Amino acid sequence: MSTRGEKHFEDTDVQTRFDFKKEQKSAFEAEKGLTAETVRVISEDKGEPEWMLERRLRALKQFQKMPMPSGWPGQPDLSEVDVNAIIPYIRPDVETRGGVRDWRDLPDDIKDTFDKLGIPEAEKNALSGVGAQYESEIVYQNMREQWEEKGVIFMDMDKAVRDHPDIVEEYFMTKCVPPSDNKFAALHGAIWSGGSFVYVPEGVTVDMPVQAYFRMNSAGMGQFEHTLIVAEKNSEVHYIEGCSAPKYAVFNLHSGCVEVFVKEGAHVQYSTVQNWSKNTYNLNTKRALVDKGGRMEWISGSMGSKVTMLYPATILKGRGASDNHITIAFASEGQNIDTGAKVYHNAPETKSTIVSKSISRKGGRTNYRGLVRISNGATDSSCSVECDALMFDNDSLSDTMPHIEINENRVDVAHEATVGKIGDEDVFYLQSRGLDDDEAKQLIVSGFIEPITKELPIEYAVELNRLVELEMEGSLG
């Protein structure tokens, strides 16, 4: 990886990288609240075409007529979420719209933020491209020339709206996540800003991951980045997303949207390590459409937020398409991490696997909420669901709420769920090998989440393990 004398990404101090904040500086800041005028102001500041403004205004109307989610068994409390109390759009004080291509061209405070997060070092050692968002817009964007020469496009969404309107207009919140899907998808459609656009031409394999990192710095704001990935026939790409925010006394809202289109024979892996602070409500909508023989993989690590509701969904619409979901959720005191997966088998010989791992301590609550639907005609399809929960004490909670609909006879479906506490015998054995109590528990947890960390590049596997360690120590959030 890095050469002698360089500082390894995995050697940086994780707590120092996340537990800091900068003085708020902005070039433009929208008023609090959500009105048609707010939407028009955001669109005008971005210089968007009329068709995007029209989509924003339609989404706003959809949001206004939809109720808040309610009546779900064990649903997290969303009563504090008031969109009229947040700042929906903050343009950072950066001269170059759409992001610079050299970290040295950023203002010192923003550059220092991403230096502490380790993003430039990760780009140097392990990535084919990086996008970095600060507040509501991308401030840094770069892609290695070897991939640009093959026609790979990796840019911020705002620039993609202007430079590739034919592709964006076709795919943006039309076929995958329409604003009518849920209230927060509609909110996102009205005031989205920033995010990543990835396009991989037919037959191209991007063998180094691309990464986008989303950082909220200001108190009381909302971040609504949009990620759109189109992988053409027989192409391959791995997209990594990182997220974080500092601690504040008021709530922040993160409501991103991800749309992935996996064409015939293509393969997309989407990995995310989210470390929001305990004042953040993390309410995302993520979905993939997979054509014949295509393969989609979701690898998710979620922790730090006050409330997370995250259920990546995949629609397997082509014969032989496959999907793999792997999730780790960590909840400590005052946290409710509600995660899961949705898979729709709409074609024959489709296959899906869901593995959910959750850890709860100090009264935290984790929940697996899943949906598997096998449609009539999806013969010879198979699905396996495995949910494992690890609890530290009697005050913590963990629930498994699977929902499985089978409308075809010739299929293979399995579901398994386990809940357990860290065993005293296991801790005693490790202590007998020279570890103290905390070290023993951390080693047990590391083994518990190993099916997830082994799917990540080594830098991010180390990152996830250290974030979990810091959560166990109570050092984050």
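Small disclaimer: the values here were computed from a predicted structure and weren't measured. Note that the numbering runs from 1 along the sequence shown for the chain.
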Inset, instruction - Begin from the C-alpha positions of V168 and W51 and carry the test side chain to side chain contact (heavy atoms under 4.5 Å, CB included) through to its verdict. - result: CA-CA 11 Å; V168 177; W51 63 264; 3.9 Å; yes
Inset, instruction - Walk me through it: do L310 and T308 pass the test side chain to side chain contact (heavy atoms under 4.5 Å, CB included)? - result: CA-CA 6 Å; L310 177 62; T308 283; 3.8 Å; yes
Legend entry - Any side-chain heavy-atom pair of V130 and Y140 under 4.5 Å: yes
Legend entry - Salt bridge flag under 4.0 Å for residues E80 and K306: yes
Legend entry - Residue pair E202 / S235, side-chain heavy-atom distance below 4.5 Å: no
Legend entry - Nearest heavy atoms of R55 and T174, plus distance in Å: NH1-CG2, 3.6 Å
Inset, instruction - I would like to know whether R56 and E48 meet salt bridge (Lys or Arg N to Asp or Glu O under 4.0 Å); could you show each step before the answer? - result: CA-CA 11 Å; R56 287 183 181 274; E48 291 180 339; 2.7 Å; yes
Inset, instruction - Give a yes or no answer on whether the side chain of D156 reaches the backbone of Q141 with a donor-acceptor pair at less than 3.5 Å. - result: no
Inset, instruction - Please assess I354 against V372 for the test side chain to side chain contact (heavy atoms under 4.5 Å, CB included), listing each intermediate value before the final yes or no. - result: CA-CA 10 Å; I354 300 172; V372 175; 4.0 Å; yes
Legend entry - Donor-acceptor contact present, side-chain E297 to main-chain D323, <3.5 Å: no
Inset, instruction - Would you check, one step at a time, whether the test side chain to side chain contact (heavy atoms under 4.5 Å, CB included) holds for H226 with L228? - result: CA-CA 7 Å; H226 192 95; L228 175 59; 4.3 Å; yes
Legend entry - P92 to V139 - nearest heavy-atom pair and separation: CG-CG1, 3.7 Å
Legend entry - Non-hydrogen side-chain atoms of P120 and D115 separated by less than 4.5 Å: yes
Inset, instruction - Before giving the answer on side chain to side chain donor-acceptor pair (under 3.5 Å), spell out for S271 and H238 the whole-Å C-alpha distance, their side-chain angles and the decisive distance to 0.1 Å. - result: CA-CA 8 Å; S271 302; H238 182 186; 2.8 Å; yes
For residues 336-347, which side-chain donor-acceptor pairs fall under 3.5 Å, sequence neighbours excluded?
| residue | atom | partner | partner atom | Å |
| --- | --- | --- | --- | --- |
| D338 | OD1 | Y311 | OH | 2.5 |
| D338 | OD1 | R369 | NE | 3.0 |
| D338 | OD2 | N367 | ND2 | 3.0 |
| D338 | OD2 | R369 | NH2 | 3.0 |
| H345 | ND1 | T350 | OG1 | 2.8 |
| H345 | NE2 | S352 | OG | 2.8 |
| N346 | OD1 | S375 | OG | 2.8 |

Inset, instruction - Return the minimal non-hydrogen interatomic distance between E349 and S381, and the atom names on each side. - result: N-OG, 3.6 Å
Legend entry - Check against side chain to side chain donor-acceptor pair (under 3.5 Å), D45 and Y89: CA-CA 10 Å; D45 189 64; Y89 175 67; 2.7 Å; yes
Inset, instruction - Look up atom CG in L187 and atom CD in Q62, then write down how far apart they are to the nearest 0.5 Å. - result: 12.5 Å
Legend entry - Worked check of side chain to side chain donor-acceptor pair (under 3.5 Å) between S358 and T366: CA-CA 6 Å; S358 66; T366 59; 3.3 Å; yes
Inset, instruction - Look at the side chain of E236 and the backbone N and O of V268, then say whether any donor-acceptor pair between them is shorter than 3.5 Å. - result: no
Inset, instruction - Answer whether the closest heavy-atom distance between the side chains of I86 and K32 falls below 4.5 Å. - result: no
Inset, instruction - Can you sort out the partners of F154 under ring-ring contact (aromatic ring centres under 6.0 Å, His included), two or more places apart, ordered by chain and number? - result: none
Inset, instruction - Assess whether atom NZ of K175 is packed by more than 12 heavy atoms of other residues, nucleotides or ligands within 6.0 Å. - result: yes
Inset, instruction - Examine distances only and state if a side-chain atom of Q133 and a backbone atom of E135 form a donor-acceptor pair shorter than 3.5 Å. - result: yes
Inset, instruction - Decide yes or no for R58 and E54: does some side-chain heavy atom of the first lie under 4.5 Å from some side-chain heavy atom of the second? - result: yes
Inset, instruction - Please answer whether the main-chain N or O of R215 pairs with a side-chain N or O of Q223 as donor and acceptor at a distance below 3.5 Å. - result: yes
Legend entry - Side-chain heavy atoms of T285 within contact of V258, under 4.5 Å: no
Inset, instruction - Evaluate whether atom CD of E450 has more than 12 neighbouring non-hydrogen atoms of other residues, nucleotides or ligands under 6.0 angstrom away. - result: yes
Inset, instruction - Report the relative orientation of the aromatic rings in F114 and Y213; use parallel for angles under 30°, tilted for 30 to 60°, perpendicular for over 60°. - result: perpendicular
Legend entry - Value rounded to 0.5 Å, distance of CD1 in I315 from CG in D291: 11.5 Å
Inset, instruction - Compute the centroid of each ring, for F224 and then for H254, and state whether the two points are separated by less than 6.0 Å. - result: no
Inset, instruction - Report yes if some heavy atom in the side chain of M221 is under 4.5 Å from a heavy atom in the side chain of S136; otherwise report no. - result: yes
Inset, instruction - Could you tell me if the ring centre of Y171 sits under 6.0 Å from that of F261? - result: yes
Legend entry - Stepwise side chain to side chain donor-acceptor pair (under 3.5 Å) check, N279 with S277: CA-CA 5 Å; N279 61 289; S277 58; 2.4 Å; yes
Inset, instruction - Check whether any side-chain N or O of E169 sits under 3.5 Å from a backbone N or O of D166 as a donor-acceptor pair, and report yes or no. - result: no
Inset, instruction - Check L253, I90, T280 against M216 for a side-chain contact (heavy atoms from CB on, under 4.5 Å) and give me the one that passes. - result: T280
Inset, instruction - To the nearest 0.5 angstrom, please state how far the CZ atom of R101 sits from the CG atom of N142. - result: 4.5 Å
Legend entry - S302 to N282 - nearest heavy-atom pair and separation: OG-ND2, 4.4 Å
Inset, instruction - Work out which heavy atom in P179 is nearest to a heavy atom in M173; give both atom names and the distance. - result: CD-O, 3.7 Å
Legend entry - Donor-acceptor contact below 3.5 Å, side chain D158 vs main chain G47: no
Legend entry - Nearest-0.5 Å distance that lies between atom CG in N284 and atom CE in M309: 11.0 Å
Legend entry - Check: E241 side chain, V273 main-chain N or O, donor-acceptor pair, under 3.5 Å: no
Legend entry - Whether T35 side chain and T38 backbone form a donor-acceptor pair below 3.5 Å: yes
Inset, instruction - For this output row, return yes or no: ring centroids of Y270 and W298 closer than 6.0 angstrom. - result: yes
Inset, instruction - Test salt bridge (Lys or Arg N to Asp or Glu O under 4.0 Å) on E137 and K46 and set out the steps. - result: CA-CA 10 Å; E137 292 202 345; K46 292 176 173 294; 3.3 Å; yes
Legend entry - K233 to K263 - nearest heavy-atom pair and separation: N-CB, 3.6 Å
Legend entry - Spacing of W276 atom CH2 and Y281 atom OH [to the nearest 0.5 Å]: 15.5 Å
Inset, instruction - Would you confirm whether S255, through its side chain, and L283, through its main-chain N or O, come within 3.5 Å as a donor-acceptor pair? - result: yes
